Amino acid sequence: MVTTPRITPDLSTNVGALRLAFPTLMASGCYGSGEEYAPFVDLARIGGVVLKSVTRFPRLGNDAPRLVPVASGLLNAIGLQNPGIDAYLERDVAKFAERPCAVVGSVAGFSVDDYGYVTERLAARDEIDAIELNISCPNVAHEGETFACDAALAERATRAARQATTKPLIVKLSPNVTDITEIARAVEAAGGDALAVVNTVRGMAIDVERRAPMLGNVTGGLSGAAMRPIALLAVWEVAAAVRLPIVGQGGIETARDALEFLLAGASAVSIGTANFTDPRAPVAICDGLSTYLNEHGYAALRDLVGAANPTFLGTR
Amino acid sequence: MVTTPRITPDLSTNVGALRLAFPTLMASGCYGSGEEYAPFVDLARIGGVVLKSVTRFPRLGNDAPRLVPVASGLLNAIGLQNPGIDAYLERDVAKFAERPCAVVGSVAGFSVDDYGYVTERLAARDEIDAIELNISCPNVAHEGETFACDAALAERATRAARQATTKPLIVKLSPNVTDITEIARAVEAAGGDALAVVNTVRGMAIDVERRAPMLGNVTGGLSGAAMRPIALLAVWEVAAAVRLPIVGQGGIETARDALEFLLAGASAVSIGTANFTDPRAPVAICDGLSTYLNEHGYAALRDLVGAANPTFLGTR
Amino acid sequence: MPALLTSPAVHTTVVSERREPASGIVIVGLRAPDLAGAVRPGQFVMVVPPGGERCATALAPYECDGERVSLMIVVVGSRTRELATLAPGSALTVFGPLGNGFDAAALGDDVGLVAGGVGIASLLLLARALREREASVRLYYGARTAAALVGAEAFAALGCAVTLATDDGSCGYRGFVTEPLARKGGEHGALAACGPSPMLRAVGRIAVAGGVPAQLSLEEAFACGVGACWGCAVPLGRESAQAPAFPAPSFGERRDYVHARICTEGPVFWAHELRW
Amino acid sequence: MPALLTSPAVHTTVVSERREPASGIVIVGLRAPDLAGAVRPGQFVMVVPPGGERCATALAPYECDGERVSLMIVVVGSRTRELATLAPGSALTVFGPLGNGFDAAALGDDVGLVAGGVGIASLLLLARALREREASVRLYYGARTAAALVGAEAFAALGCAVTLATDDGSCGYRGFVTEPLARKGGEHGALAACGPSPMLRAVGRIAVAGGVPAQLSLEEAFACGVGACWGCAVPLGRESAQAPAFPAPSFGERRDYVHARICTEGPVFWAHELRW
Ligand SMILES: Cc1cc2nc3c(=O)[nH]c(=O)nc-3n(C[C@H](O)[C@H](O)[C@H](O)COP(=O)(O)OP(=O)(O)OC[C@H]3O[C@@H](n4cnc5c(N)ncnc54)[C@H](O)[C@@H]3O)c2cc1C
Ligand SMILES: Cc1cc2nc3c(=O)[nH]c(=O)nc-3n(C[C@H](O)[C@H](O)[C@H](O)COP(=O)(O)OP(=O)(O)OC[C@H]3O[C@@H](n4cnc5c(N)ncnc54)[C@H](O)[C@@H]3O)c2cc1C
Ligand SMILES: Cc1cc2nc3c(=O)[nH]c(=O)nc-3n(C[C@H](O)[C@H](O)[C@H](O)COP(=O)(O)O)c2cc1C
Ligand SMILES: Cc1cc2nc3c(=O)[nH]c(=O)nc-3n(C[C@H](O)[C@H](O)[C@H](O)COP(=O)(O)O)c2cc1C
Ligand code: FES
Ligand code: FES
């Protein structure tokens, strides 16, 4: 038994040029703008918040119901309810300056032009440290989905956003594709700085009493532990296909789950649904990561990135 | 409150020309050839057994470990271990005659020719009531997967098998595709009689102590409740795209789960992983279906097929 | 409904008692002094599932006194089943209190309370607040069957009049509780209701038809419970004071409503402002 | 190892007792008369998770007498945690007995038993069978720490000699139990072992090197437990009597082994026949 000295391990990480004190981002759409969780969590102990996706124009969102609990997970079909970029910039963005952690804006769109336009306006604000491009929302029927499911569209959306900002640009991929590495390569070619892997998996549930779909939108996105093995494989494959840093996500609830994604090749992780179980999860994950690093004699979390993946292409 | 007379509802169903006394098939690879479960279940109370997939040549299968329990599910990477069609016909097939339920042979292959050849030899046997074409096994790296992930290959494999037999031909689709309806249409065009929707979802798990993949094969297939919303949506979409009868599967554990698939448009269901929880599950599911039919005033299960799906194309 | 000034927090509580007044209905008492001091009628807490893996469960504090908060749980699925089997001594983490709660003052001094099933749990604290102000209160309470009519005596003990109804007629009126309400509801100055959606819609219709203001406590599946996920949407008239400033309707959409969050703008809404 | 002639079945049992001899180690007694009559040493049962949603858990009957079968459970994950919290009176469904079990006769009359951790649970019935035949038996038993060395006294009471080892030296030899075994293992006519894979591999090496036949009870994640899924594969020499007739190796593959199913051809294998 090797005893390692109990030091405080370095949990900081970089997602391209985005520096994070902790490797834990709060997933877009799951954490509001952070203030909603402030009564329950010290936001200085998380890496950052990815804001709810914003679109060019205001959106009412999908009809209720928008949520269905399923085995080890959650189906959601919010439908990108948001006030649109104008109202967002005017009323909401200023208060993000108060966040004691990184603030990542999330941009959704229905055209290549949308992605460029909204990115440009949002990224221009000092309160925003980086942009995540949500090209993979499964809940805006026959609209947004296509971008992350088609390499050419993914490339064009990424290029439009790339031209609109020099801030770190994280492009969020969908698992609902035959070959995710093809999309990852297209994003890399278009100048994306990093990849968020992955958004929710398309799914549905039926109410057997009403004999009708449970969700107002019929279909939804599956998140939570149920999708973890799927998301982990996506990270593993993308890490072998491109050199871009990866933000792993999909069902991460514990430090062990986070370690799986880091070892597969993610430089950071996003936590979404686990907050709905227990808002203390993100801090518990960091505590668990520190313990693991100590017990296994690692000084820095970065040393673990890709350590289980012999096909990992990235750098630590 | 309407009181309906307590009759014994008709649970029988047809999958094309395959007639089943109960709508419950036992999923390929999960039930051996039925005899393994005979001490625990009355096989006369299930619809039928889909046998473990057989290939042209014997296969050793993947290295251990081949199974990882995950949240609400199971990852497996068996790798089609089987004795090959020669030994299978010689030693095993005769005893399938004893099964008091339908017996569906499952054929896997690595070439179009394989699918035709193995189908022809297996379907020639009287003990076999129908053939399921496994073009979607995710655990034979870079080999079998491609057939269900490429419409042209799916079409060719189906056509080869179609030419080899007039028995009911059920083609098993994969969820690991951008658009499953495209594959379903290709199978319909090639003369498949029915579709099994769906095989396992690709996934993986990492051992954080060894810092290596958990499975000998690195990646595996996710089955069980975790994949249920994904499989259900696949059935819903396929039911809207083709007129072929559907055998729904993926995480069905209870009568309510089975109802979701039937209401989405499946004519029958397959039960795999639920048997590993409790071998009594298939009989409990049929009991639950009877109760539901009684309570809701339906005389026959067939009346429910597609009843929640306004886009259902099939016939009841 | 103005938002209440409470400060939600994470509370580590201990189960101090467990009662099962009817089959499938369990009352779990918690030692939770800070929470007990903070809860207002009609608010809820999010209960962290001890076994993890599922979203926290929204539950309304039922009784609340001194150091103790109790929850009334009707077993409908895996999370309520898990909570209903908690033995005394078990630790239980909850966060809250959350939501706006009822506006007792705005209900005036002749109030009809309408409870369907476990909706009763949200109304006891309100009844107490109303009776402390010496408002005249009648409880209309419906359930499946007599045994499931749990807790009506507590309202009687507070001095509320009580009208009961059961689906099977085993106690009180046979049928929906909204039927006796329809006959007498107009007599009250205001209504407050909690129960399943079909009941609340019926109460809403009665209230609007009779010109009686009604506060309805809504229920939907929640994920976050804190306003972060926008999963618990309900259509609300744009003109409502409770309508969230953001978001406005989508470009090109001509609708007279916005989506409010039940967990944050609600769970209590004025019946005449809902557009469902 | 010849397959035993037992007839497996589904058994509906009731938890009759629950003991926690050490933290994280729980012994659950079951009222299960039919099962108690059928179990042979080294077999296992599949325990249906009361909350569903996960595969049944393979557990070795630990004690077995008259109407009662007990299970020794080490909590490592969600299923073992659930089983370890079952209160007396709870219903528990198990199916079995399954697997080949130890071939006690083939072990002769001077036997070394080797247990690592919860592996001890598979060996008590074997020790009893061996002692009934008046074989001389020594138990080599290793665990993390003294408190986790549960149940050694039962072997002593049967008249077995006992050598203990702990990782932390808090009881007996400090280090792996295979170290004292390596020194004395050759003295026995045969070995039988159950424990974690690294331990079993070490026992296998000692046995093969010393020319001592050894029966190893293997462990892997199971799904079905009944031979239906081929998930619990272990490489076994083609010449082994336990090698499944089917399947032969793949065309073009030149390997000297086949994959046997731990649950069906095993869980007990001759050390010299394994190719792992
Ligand atoms: C503000 C608020 C306050 C509340 N207060 C209380 C309270 O005080 N006490 C209380 O008991 N509850 C209360 N609830 C309700 C409670 O939160 C839910 O009952 C609970 O979350 C259900 O969780 P579950 O996992 O047990 O059931 P779930 O698994 O979430 O199931 C919920 C319901 O959906 C049904 N269902 C699931 N799948 C299907 C399907 N495929 N077809 C048809 N039906 C299906 C189930 O049968 C069940 O009736 C409150 C809710 C809110 C929003
Ligand atoms: C024939 C046989 C007999 C057995 N007899 C007994 C017995 O008598 N008593 C007994 O207690 N057990 C016995 N077992 C073992 C028992 O079946 C398993 O311990 C049990 O199934 C584990 O289930 P679980 O859900 O609690 O743990 P699981 O969730 O299945 O976890 C199993 C192990 O894997 C680890 N793990 C999971 N995920 C990861 C990851 N990402 N990285 C690293 N590690 C990970 C867990 O920490 C844990 O140690 C037997 C097994 C067999 C095959
Ligand atoms: C309720 C809900 C809302 C979401 N909204 C968004 C969104 O607006 N934009 C986005 O990129 N992802 C959205 N997601 C996806 C999450 O950001 C995350 O990628 C996904 O849920 C997987 O992670 P998890 O399992 O940890 O939740 C949403 C997820 C949920 C559950
Ligand atoms: C251990 C295991 C082995 C399997 N082997 C096969 C196979 O040989 N051929 C096949 O078509 N499907 C195979 N499958 C997939 C199942 O037949 C089924 O489609 C899938 O598991 C989803 O259903 P379930 O969630 O009910 O298990 C296997 C699944 C498991 C879990
Ligand atoms: S439940 Fe998340 S906003 Fe209401
Ligand atoms: S666990 Fe299924 S064959 Fe052994």
Side-chain angles (χ1 to χ4, degrees), chain B residues 26 29-41 52 54-84 86-88 91-92 214 216 223-226 251 253-254 272-281, chain D residues 6-12 46-58 77-79 93-98 197 218-235 238 244-255 257-264 276:
Chain B
M26 301 302 108
C30 299
Y31 218 69
S33 67
E35 66 182 355
E36 293 86 347
Y37 275 103
F40 314 110
V41 173
K52 172 82 191 156
V54 63
T55 53
R56 185 171 208 146
F57 300 111
R59 285 180 58 85
L60 195 53
N62 291 328
D63 289 347
R66 294 174 172 188
L67 297 171
V68 187
V70 293
S72 292
L74 183 69
L75 280 174
N76 90 78
I78 312 295
L80 294 175
Q81 174 162 1
N82 82 90
D86 289 345
Y88 195 66
R91 283 192 310 232
D92 300 306
M214 288 272 215
S223 66
E253 297 178 338
T254 65
T273 304
N275 292 296
F276 307 153
T277 300
D278 190 338
R280 297 167 303 177
Chain D
T6 49
S7 41
V10 176
H11 301 275
T12 310
M46 296 297 284
V47 182
V48 175
E53 282 193 6
R54 285 146 303 172
C55 294
T57 314
S78 64
R79 290 171 295 177
T93 301
V94 310
F95 53 104
L98 295 160
S197 292
L218 305 194
E219 192 190 304
E220 261 285 4
F222 281 3
C224 70
V226 302
C229 77
W230 291 87
C232 57
V234 64
R238 299 175 58 76
F246 122 51
S250 171
F251 180 76
E253 293 183 57
R254 236 162 316 179
R255 300 212 183 128
Y257 62 87
V258 293
H259 279 125
R261 294 164 296 189
I262 294 177
C263 71
T264 301
W276 54 343

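Note that the coordinates shown come from a computational prediction; the quantities given were computed from them, not determined experimentally. Throughout, a chain's letter reflects where its sequence line sits, starting with A, and its residues are numbered from 1.
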For residues [X] and [Y], report the shortest heavy-atom separation together with the two atoms involved.
X	Y	result
D:Val10	B:Arg280	CG1-CD, 4.0 Å
D:Val48	B:Asp278	CG1-OD2, 3.8 Å
D:Leu98	B:Phe40	CD2-CZ, 4.0 Å
B:Gln81	D:Trp230	NE2-CZ3, 3.3 Å
B:Leu67	D:Cys229	CD1-SG, 4.4 Å
B:Pro279	D:Phe95	CD-CE2, 3.4 Å

Quiz item: With no hydrogens and no angle check, is any side-chain donor or acceptor of D:Glu220 less than 3.5 Å from a backbone partner on B:Ala64?
Solution: no
Quiz item: Quick one: does D:Cys224's side chain get under 4.5 Å of B:Tyr37's, heavy atoms only?
Solution: yes
Practice problem: Find out whether B:Pro69 and D:Cys55 are in side-chain contact, i.e. whether some heavy atom of one side chain is under 4.5 Å from a heavy atom of the other. | Solution: no
Side chain, backbone, both or neither: which part of [X] has an atom under 4.5 Å from a heavy atom of chain D?
X	result
B:Tyr31	backbone
B:Pro65	both
B:Arg56	neither

Quiz item: Can you tell me how far CZ of D:Arg54 sits from CG of B:Leu74, rounded to the nearest 0.5 angstrom?
Solution: 13.0 Å
Quiz item: Atom CZ in D:Arg261, atom CD in B:Glu36: separation rounded to 0.5 Å?
Solution: 6.5 Å
Self-check item: D:Glu53 portion near chain B, given a 4.5 angstrom heavy-atom threshold
Solution: both
Exercise. Could you tell me which of D:Ala221, D:Gly231, D:Ala56 has the largest number of non-hydrogen atom pairs under 4.5 Å with chain B?
Key: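 Between D:Ala221, D:Gly231, D:Ala56, the count favours D:Gly231.
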Quiz item: Between D:Cys232, D:Ala9, D:Ala223, which has the largest tally of heavy atom pairs under 4.5 Å with chain B?
Solution: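 When all of D:Cys232, D:Ala9, D:Ala223 are compared, D:Ala223 has the most.
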